[in-house]
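Here the structure is laid out as structure tokens; the discussion comes afterwards.
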Amino acid sequence: MRGTAAILVVLLLLSGIDLCAGRIWLGPGELWDVLRQGPRAEMWVLVWDLRLPRILTALGTGAAFGLAGAICQSLFRNPLAAPELLGVTAGASLGAVALVLAGLQGLAISAGAAGGAVVVTGLLLAMAGFSGAITRLILTGVGLSLSTGALTGLLLARAGDRLAGDAMLWLTGSLNASGWLQAGLIWAALVPLSLGAGAGARALDRMELGHDLAQGLGIAVHLMRPALLALAAALVAAAVAVVGPVGFVGLMAGPIARAAARRTGPNLATAALAGALIMVVADLLVVLSAPLALMPVGIFTGLLGAPWLIWLIWRAPSERTA
């Protein structure tokens, strides 16, 4: 509990700093005056219409990625099992890029991303089997990811320079266009999906012990595994539809949550907080690095996540031989 509380405190602190940061810095007293005065305040539009929805979007998408990562790592019993392993992120990217190259914008892109994710999830469950083994699920997900990635590359290669540039920018993952619509969309999806994850937390914890032991403890593995897999896919789809395929958040959130909670089993609430914290840190780095020309947040999650992945891979052999 102390580790979870520490993550929450740091998250609130950095969210407040992120709300103050930018081309025009606000002190804590100035921020409080703006929030207290409401629309009468001089900086109300800056805080309420630009910065606050961006931060809420970062919190919601980070929590969704973190939850999905923790679920995948528990299902596959592997700390390297990122949500991208399912192929859902690649499917969402293909759906969104197809509509970007068709000249569509706004909610149509989000709908395309969500549709691509749903199609790939359906293919994954159909091809791997609803009660498929972990290895079969992983290999099927990798195959779907490579296939949809190749199709995305083909579309980009045949597109014009302007549309291809727009699509590549979306593929990096960005919070720069986030408004109240995007914040509302991710939170409207996150709340019911989080409740579903909470309902499946006990089964997920038992399933980490192995298929046979989980069944002996009364868990219907053949039903819970595809349900939890679909839940993780829905979380990824919701986040990618809003901000694009931001990488490494799900990979980092699960292990951070386990370390903070000091337990071996999944801790979904802490993983959601850890994912939100990673996104806020990345957004703060975006604002601090170039306040006049905001870069995609996916660049900074990649800079944070790549060393983490290398460390996990380097640590794994020593843990197996310990």
Side-chain angles (χ1 to χ4, degrees), residues 63-92 95 114-148 189-241 250-251 253-255 257-258 261 263-272 275 316 320:
F65 282 129
L67 267 176
I71 292 171
C72 290
Q73 287 159 7
S74 291
L75 279 177
F76 300 145
R77 290 182 285 169
N78 191 329
L80 298 177
E84 291 84 357
L85 200 65
L86 302 175
V88 179
T89 301
V118 169
V119 170
V120 169
T121 302
L123 288 173
L124 176 64
L125 293 175
M127 295 171 67
F130 280 82
S131 58
I134 291 176
T135 302
R136 188 173 181 179
L137 285 169
I138 292 175
L139 293 177
T140 304
V142 170
L144 288 171
S145 182
L146 292 173
S147 300
T148 50
L190 179 62
V191 171
L193 291 174
S194 298
L195 294 175
R202 177 181 173 274
L204 191 63
D205 188 47
R206 300 296 187 271
M207 288 165 65
E208 279 204 355
L209 301 174
H211 182 282
D212 294 335
L213 187 53
Q215 280 194 327
L217 293 172
I219 303 300
V221 177
H222 66 289
L223 295 176
M224 291 304 301
R225 181 176 291 162
L228 288 167
L229 194 64
L231 182 64
L235 286 163
V236 172
V240 171
L251 176 70
R258 290 174 186 248
R263 55 171 294 180
T264 56
N267 192 311
L268 300 184
T270 309
R320 285 195 295 266

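Computed over heavy atoms, backbone and side chain alike; hydrogens, waters and symmetry mates excluded. Heads up: numbering here begins at 1 and tracks the sequence. Remember, it's a predicted structure, so these values are computed and weren't measured experimentally.
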task: Grab the two heavy atoms, one from M224 and one from A203, that are nearest each other, plus how far apart they are.
output: CE-CB, 3.7 Å
query: Taking it one step at a time, do V221 and R206 satisfy side-chain contact (heavy atoms from CB on, under 4.5 Å)?
result: CA-CA 10 Å; V221 177; R206 300 296 187 271; over 6 Å; no
- prompt: Is I71 close to L235 at the side-chain level, that is, under 4.5 Å between some pair of heavy atoms?
  reply: yes
field: Side chain E208, main chain R77, donor-acceptor under 3.5 Å
entry: no
- request: For the pair L204 and L268, evaluate side-chain contact (heavy atoms from CB on, under 4.5 Å) and give the outcome as yes or no after the intermediate values.
  value: CA-CA 10 Å; L204 191 63; L268 300 184; 4.1 Å; yes
query: What closest approach, in Å, do A64 and A239 show between heavy atoms, and which atom pair accounts for it?
result: CB-CB, 4.0 Å
Inter-residue atom distance M207.CE - Q215.CD, 0.5 Å rounding: 9.5 Å
message: Restricting to side chain to side chain contact (heavy atoms under 4.5 Å, CB included), what partner residues turn up for A272, sequence neighbours left out?
response: A63, L67
message: Restricting to side-chain hydrogen bond (donor to acceptor under 3.5 Å, both in side chains), what partner residues turn up for T148, sequence neighbours left out?
response: none
- prompt: Applying the side chain to side chain contact (heavy atoms under 4.5 Å, CB included) test to L229, which of L86, V88, T121 qualifies?
  reply: L86
Partner set under side chain to side chain contact (heavy atoms under 4.5 Å, CB included) for A227, not counting sequence neighbours: none
message: Just verifying a value: how many Å separate L228 CG and L223 CG, rounded to the nearest 0.5 Å?
response: 11.0 Å
- request: Identify the two heavy atoms, one from L137 and one from R225, that lie closest to each other, and give their separation to 0.1 Å.
  value: CD1-CD, 3.7 Å
- prompt: What closest approach, in Å, do L125 and P226 show between heavy atoms, and which atom pair accounts for it?
  reply: CD2-CB, 3.9 Å
message: Which residues pass the side chain to side chain contact (heavy atoms under 4.5 Å, CB included) test with A92, not counting sequence neighbours?
response: A113, A117, V240
message: Among residues at least two apart in sequence or on other chains, which ones pass side chain to side chain contact (heavy atoms under 4.5 Å, CB included) with A271?
response: A70, A257
- request: Taking all non-hydrogen atoms of both residues into account, name the closest pair between L124 and G141 and its distance.
  value: CD1-N, 3.6 Å
